[in-house]
Amino acid sequence: MKKLFTVFTALTIVVTLIASPALADEHHERTGHPDPMVQTAENSQVKLKVTLDPGESEVGHLTKINGQIINQADNRPVTNVLVKITAHHIEDDKTILYTEFIAADGEFSFENQFFDGAEHLLTFSAEPTASSSSNFTPISKQFPVEVAGVQPPLDVKVKTMVFLLGLMAIGMLVGVTGAKARKSRRAVKPVAPANDLS
């Protein structure tokens, strides 16, 4: 039993040392919005401008997305433009958002909340419609966005570590008890009596 206690103590110390950096990284509140991210694409006819505010997205916080399609000739918005937006989760290789709509006044604005702290690839495209104020070659812009995950609170981390250490202790007790039971069964094997041939 002393060996078991020694092994369990050593494992607890190792797990605690490994988990300490994670426990020290306590959840922090956003103290200020990073600068907005501005992305543009242009051709000889139009310019597509997309702004994300804040520029660094975080799980659980809304990101405001604004866009404009501007005529290069007169620097005015192009009306009645078909806008398509795609958000692709790079790690899981899945499209998590696809939408298309008509930007009647050449501008669009909406809020989006990312559900996973991972890199996403955003694609914005603009195409003319039959009622657009200017006929232009379709244009698109694609760029990655890093989404910061949210660290769980310290009490959740501690409870999880205690739970895992408890499971490890129970597993060790079951293993040691089983080994002792097998050893005692082998030690108590009955000896077969010798046959008397006389």
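Residues take their numbers from the sequence shown, with the count starting at 1.
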>> Evaluate Thr40 against Lys47 for side chain to side chain contact (heavy atoms under 4.5 Å, CB included), listing each step before the verdict.
In response: CA-CA 7 Å; Thr40 59; Lys47 177 180 181 179; 3.9 Å; yes
>> Evaluate Thr123 against Lys84 for side chain to side chain contact (heavy atoms under 4.5 Å, CB included), listing each step before the verdict.
In response: CA-CA 8 Å; Thr123 306; Lys84 297 178 181 178; over 6 Å; no
>> Would Leu122 and Leu97 count as a side chain to side chain contact (heavy atoms under 4.5 Å, CB included) here? Give the steps.
In response: CA-CA 9 Å; Leu122 299 184; Leu97 169 71; over 6 Å; no
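Atom CG of Asp53 sits about 8.5 Å away from atom OG1 of Thr63, to the nearest 0.5 Å.
Residues Ile139 and Leu82 do not share a hydrophobic cluster, clusters being chains of Ile/Leu/Val/Met/Phe/Trp/Tyr side chains in contact below 4.5 Å. Phe124 and Ile70 fall into different hydrophobic clusters, where Ile, Leu, Val, Met, Phe, Trp and Tyr side chains are chained together by heavy-atom contacts under 4.5 Å. Hydrophobic clustering (ILVMFWY, side-chain heavy atoms < 4.5 Å, transitive): Val81 and Phe110 are in one cluster. Tyr98 and Phe108 are assigned to two separate hydrophobic clusters, defined by single-linkage of ILVMFWY side chains at heavy-atom distances under 4.5 Å.
Side-chain contact of Asn66 with Ser109: a donor-acceptor pair under 3.5 Å is present, judged by distance alone. For the residue pair Ser44 / Gln72, no side-chain donor-acceptor distance below 3.5 Å is found, with atom types taken as modelled.
Side-chain contact between Glu91 and Glu119: absent, with no pair of heavy atoms (C-beta onward) separated by less than 4.5 Å. Two residues are said to be in side-chain contact when any heavy atoms from C-beta on lie closer than 4.5 Å; Val147 and Val59 meet this criterion. Using a 4.5 Å cut-off on side-chain heavy atoms (C-beta onward), Ile96 and His120 make contact. With contacts defined as side-chain heavy-atom distances shorter than 4.5 Å, the pair Leu121/Gln142 qualifies. Counting heavy atoms from C-beta on, the side chains of Thr86 and Thr95 come closer than 4.5 Å. At least one side-chain heavy atom of Phe143 sits less than 4.5 Å from a side-chain heavy atom of Leu52.
Within a 6.0 Å sphere centred on CD of Glu111, heavy atoms belonging to other residues, nucleotides or ligands number more than 12. Other residues, nucleotides and ligands place no more than 12 heavy atoms under 6.0 Å from the CG atom of Asn135. Counting heavy-atom neighbours within 6.0 Å of Lys141 NZ, excluding the residue itself, gives a total above 12.
Heavy atoms only, all atoms of each residue included: Ser131 and Asn80 are closest at O-ND2, 3.0 Å.
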